[in-house]
Amino acid sequence: MKKVFFAAAMFVLCFQTAAFCQTNGAAITNAVSKLKTLITDHMIEKAYLQFDRPYASYVTGEVVYFKSYVTMGERHQPSTISKALHVDLINKDDVVLRSIVLQLTNGTGWGDFALPDTLQKGSYRIRAYTQWMRNDEHPYFFDQYISVGSANSVDRSAANTAQVLKPGLQFFPEGGNMVADVPSKVAFKAIGTNGLSTSVKGIVVDNEHKEVAKILTAHLGMGAFNFIPETGKTYKAMVTFGDGSQQSINLPAAEAKGITLSVNTDDPSKISINIIANRNYYKENKDKQLNLLVYYSGAMKRYTPKLDGEVLGLDLPANTFPTGIVQVTLMSETGEPLNERLVFIQNPDLLNLSIAANKPVYAKRENAQLSFNAKNKDGSPATGSFSVSVVDESKILVDENTENTILSYLLLTTEVKGYIEKPNYYFANVTKETRAALDALMLTQGYRRFTWKQLMNANAPAAANTYTPEKQIDISGLLKTKGGEPIPNCQLTLVAKMGGSVSVQVTDAQGRFVFPNIPFETGDQFILKTQSSAGKKSVLTLDNPQPGPGVISGNVIDATYNANADILASLQNNQGQGIITASTGTTNLLVKNEKISQKRSDSYRSSSLAGPGHADQVIMGDDIKNAPSLSIGLTGIAHGIQFTFGVPALLTGKTVSGSMGGSENAESMLVVVDGVEIGGDSNIDLYNPGSVETVEILKGANAAIYGMAGGQGVMVITTRQGGMSNQSLSKEMSPGIFAIEPKGFYKAREFYSPSYSTNQTVSNVADQRTTIFWKPDVTTDTGGNASVNFYNADGPGTYRVEIQGIDNNGNLGMQVFRYKVQ
């Protein structure tokens, strides 16, 4: 057969382009128009979170820090669509434990979750999304499992239940089908009994038991083989899996009449496309026009070859495509999809990030100074937003291949279906082998945001956008009389207590009001004033935040508990309490017998019957005033207390004088607010953290002053002078004037890194931080430069530095650097 090269006629469509090239086929014209609408009216947003450590393993009592990157479109520009990102902490039962809202600036923001020391050991996950993402049929929610170990002696973990399955082997002919008498490339993927990849080897035989190909995995259960299926023959694979089990599996049947599409990227400089028709198909369709569509990063090239030979070929220069997935589709003259192939192009167009230290080797607790430089593919300085993580690798050795990075996630994980093992393997060190493995992944797990068949359905309605982008946060609620009747047409004036702009709205016929797009953080206070006589005798209630989307069960493999969390927990348990971690506070630290304890003081306001200085623990309101709710603010700070829907309970459950026999079950504590006993089973989230001055925890003998009611411990909440309001009900300061504190954007806590040049109070405390340093707000200047400095821990060992980020033009980058501490 003679290979005929066809000429190219191409056009580009992307959301910046207004005009589209018209085609001869009405179906293709309609599909292209719908694709333009999809790209422009339904521009995608993706979210990626970088965590303070490269492995998703933590211990109860620690804080999970993260930086968010939200991009728009298929070229990963920093998003200007949404200004708010919702982040949820979800347990193994798919219940949202905590939810915060981050304010996005040029697509970035940062936050954290404190893991209470009463949290059960196991797998949790962190989900991040914008409201705009919810418009997509398959939204690009960020979803990352974390494993949380416990340093407590009691293991309350619910072990993961392994699925007992027999190994499986799937076949994926290139282009979608095998055709008789045409060379075929068939990819395969082998899955073991644990749901992960497994090795497999064997042979392919025809129905006469003649061997036609060999099967052998190349990487993570994947591989490919080539052969020519013959007319009238069937084929099966006879294989042996890694566990020794054997199977005989039929291959897909070859079409008696058909055409195939193959794409070869073995040469990194070009994309070689071959179209091969078998004799039956060629005779029937000779000289008909074909349509070859090449879609990539929101743009498309179209070629219209004539089938004037059984083999047609085209080479495209790879450097004309950005790094990412290219979707190649072959259509008939009338627009019927015939074949499709996905390939991944890797070009040197990512950010070039470099890291340098001010010395090659450091002493323990010595100040380390690191400098960074970012350049784009042309070598020009890149200005952008980055985040830096430093971990002590002597605790947990980082597997670069399994890490979920900004490159592997935005370019790959979100673009393929199913679970991807070792996603960073394809980016950490690009070689001929990794390129071949990535191509096998494209053949076996390729995902498409759209299919041409759907776009060519002329009767399919265009999808509508149900959710609008969030720019700020709305303050809404209801104004009604004290008798419960709505107050319509009442003018309301909103002003921040700390000053600022004034907003005016009018209630509707149902007494409802909305102040849209107000920029504020949780804990910010406002004054809301009514301007009518009816408003002077009113009750004002604020709406609680709207519930987020339902939680879809995660991948069973993703949810597998990582034993690295047990290693970290064991390290902390062996060190005892005299250890500095990333979540160690800096206020009133004293060294006593090499343990960190809180300074005891009676110089604070208390509404406890016992007065100040008689509590087991005192938490100052300033430490929790920016928390999204009171229970979240106290979680991880209030020792030995767990919260269930805002109700506090002592985990130990020890009783005091006057109570019944001792119990180890966690039972709800007595809650006292400003001297008034609210009772047990009280939801403390009805009170705003910003209005709290102190929280005292009384246990055992200290709680005995409250008699039997204090048998399970007492939480004494003392509010600031002027009282307290909550999310749902405002506080009326005077007739028609209300003080309100709605839930706003989350204010992230600062990462604790000791300064040994000035802080002498921790000099005798073991510094065994796992995360040595975390800085989410690193910005390169016009020269592409940035720097950080911090103090090392006790070492010795290897410290791993990682920087990830994105420049203002949507170029992604990630780099790793290591140094020694003696």
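Computed from a predicted structure; not experimentally measured.
- Side-chain contact between Leu443 and Glu174: present, with at least one pair of heavy atoms (C-beta onward) separated by less than 4.5 Å.
- The residue from Leu312, Leu290, Asn285 that alone fulfils the side chain to side chain contact (heavy atoms under 4.5 Å, CB included) condition with Ile259 is Leu290.
- A distance of 7.5 Å separates CG of Asp206 from OG1 of Thr234, quoted to the nearest 0.5 Å.
- For the residue pair Glu340/Thr329, the side-chain donor-acceptor check at 3.5 Å is satisfied.
- Formation of a donor-acceptor pair under 3.5 Å by the Gln247 side chain with backbone atoms of Gly168 is not found in this model.
- Contact detail for Lys236 and Ser248: the closest heavy-atom pair is CD-OG, 3.4 Å.
- Here the side chains of Leu568 and Arg53 are in contact, with some heavy-atom distance below 4.5 Å.
- A distance-only check finds no donor-acceptor pair linking the side chain of Tyr55 to the backbone of Leu397 [under 3.5 Å].
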*Report the C-alpha distance between Lys46 and Glu415 in whole Å, list the side-chain angles of each, state the deciding distance to 0.1 Å, and finish with yes or no for side-chain contact (heavy atoms from CB on, under 4.5 Å).*
CA-CA 11 Å; Lys46 294 182 182 181; Glu415 297 297 329; 2.4 Å; yes

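- Asn280 and Asn278 form no side-chain donor-acceptor contact under 3.5 Å, judged by distance and modelled atom types alone.
- Of the inter-residue distances, the one linking Ser408 atom OG with Tyr48 atom OH reads 6.5 Å to the nearest 0.5 angstrom.
- At a cut-off of 3.5 Å, with distance as the only test, a side-chain donor of Asp566 or Tyr561 sits close to an acceptor on the other residue.
- Within the model, atoms CG of Leu411 and NE2 of His76 stand 4.5 Å from one another, a figure rounded to the nearest 0.5 Å.
- A distance-only check finds no donor-acceptor pair linking the side chain of Asp136 to the backbone of His138 [under 3.5 Å].
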*Under the side-chain contact (heavy atoms from CB on, under 4.5 Å) criterion, do Ile249 and Phe188 qualify, and how do the steps go?*
CA-CA 12 Å; Ile249 305 167; Phe188 60 86; over 6 Å; no

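- With 3.5 Å as the limit, one finds no donor-acceptor pair spanning the side chains of Gln804 and Tyr409.
- The minimum heavy-atom distance between Ala277 and Val182, with the atom names listed, is C-CG2, 4.2 Å.
- In summary, the aromatic rings of Tyr235 and Phe227 are positioned with their centroids under 6.0 Å apart.
- Within a 6.0 Å sphere centred on NZ of Lys233, other residues, nucleotides and ligands contribute more than 12 heavy atoms.
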*Determine, step by step, whether Val551 and Arg127 satisfy the side-chain contact (heavy atoms from CB on, under 4.5 Å) criterion, reporting the C-alpha distance in whole Å, the side-chain angles of both residues, the deciding distance to 0.1 Å, and the verdict.*
CA-CA 9 Å; Val551 179; Arg127 177 180 72 170; 3.9 Å; yes

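- You'll find the side chain of Asp243 reaches within 4.5 Å of the side chain of Pro167, heavy atoms only.
- In this structure, Thr198 contributes its side chain and Gly192 its backbone to no donor-acceptor pair below 3.5 Å.
- Here the OH-OG1 distance, from Tyr426 to Thr413, works out to 10.0 Å after rounding to the nearest 0.5 Å.
- Within the 4.5 Å cutoff, the side chain of Asp439 has no heavy atoms near those of the Phe344 side chain.
- Remark: Ile420 CD1 to Leu441 CG distance equals 5.5 Å, nearest 0.5 Å.
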*asked:* Under the criterion side-chain contact (heavy atoms from CB on, under 4.5 Å), I'd like the reasoning laid out for Phe427 against Thr405: C-alpha separation, chi angles, the key distance, then a yes or no.
replied: CA-CA 9 Å; Phe427 299 91; Thr405 70; 5.5 Å; no

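- In plain terms, the two heavy atoms of Gln144 and Asn404 that are nearest each other are OE1-ND2, 3.1 Å.
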*Stepwise, does the salt bridge (Lys or Arg N to Asp or Glu O under 4.0 Å) test hold for Glu403 with Arg800?*
CA-CA 13 Å; Glu403 188 180 1; Arg800 181 185 185 274; 3.1 Å; yes

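- Considering only heavy atoms from C-beta on, Arg279 stays 4.5 Å or farther from Asp181 through its side chain.
- Looking at Asp93, its side chain never comes within 3.5 Å of a backbone N or O of Val95 through a donor-acceptor pair.
- Pro54 approaches Glu802 most closely through the heavy-atom pair CB-OE1, 4.0 Å.
- Asp88 places none of its side-chain heavy atoms less than 4.5 Å from the side chain of Phe141.
- In summary, the side chains of Asn811 and Asp349 do not present any donor paired with an acceptor at a separation below 3.5 Å, with no hydrogens or angles considered.
- Ser150 contributes no side-chain N or O that, together with a main-chain N or O of Lys121, makes up a donor-acceptor pair within less than 3.5 Å.
- Among all heavy-atom pairs drawn from Met222 and Thr444, the shortest one is SD-OG1, 3.5 Å.
- Classification of the His219-Tyr425 ring pair by plane angle, with boundaries at 30° and 60°, yields parallel.
- Not one N or O on the side chain of Ser297 forms a donor-acceptor pair closer than 3.5 Å with the backbone of Arg75.
- For the atom pair Glu45 CD and Thr71 OG1, the distance stands at 8.0 Å (nearest 0.5 Å).
- In this structure the side chain of Gln445 reaches within 4.5 angstrom of the side chain of Lys189, judged on heavy atoms.
- Both the sub-6.0 Å distance and the 45° axial angle are satisfied by Lys301 relative to the ring of Phe321.
- Within the 4.5 Å cutoff, the side chain of Val212 has no heavy atoms near those of the Phe225 side chain.
- More than 12 heavy-atom neighbours from other residues, nucleotides or ligands sit within 6.0 angstrom of CD on Glu211.
- The minimum heavy-atom distance linking Asn347 with Ile345 is given by the pair ND2-CG2, 3.3 Å.
- No donor-acceptor pair under 3.5 Å is formed between the side chain of Asn274 and the backbone N or O of Gly313.
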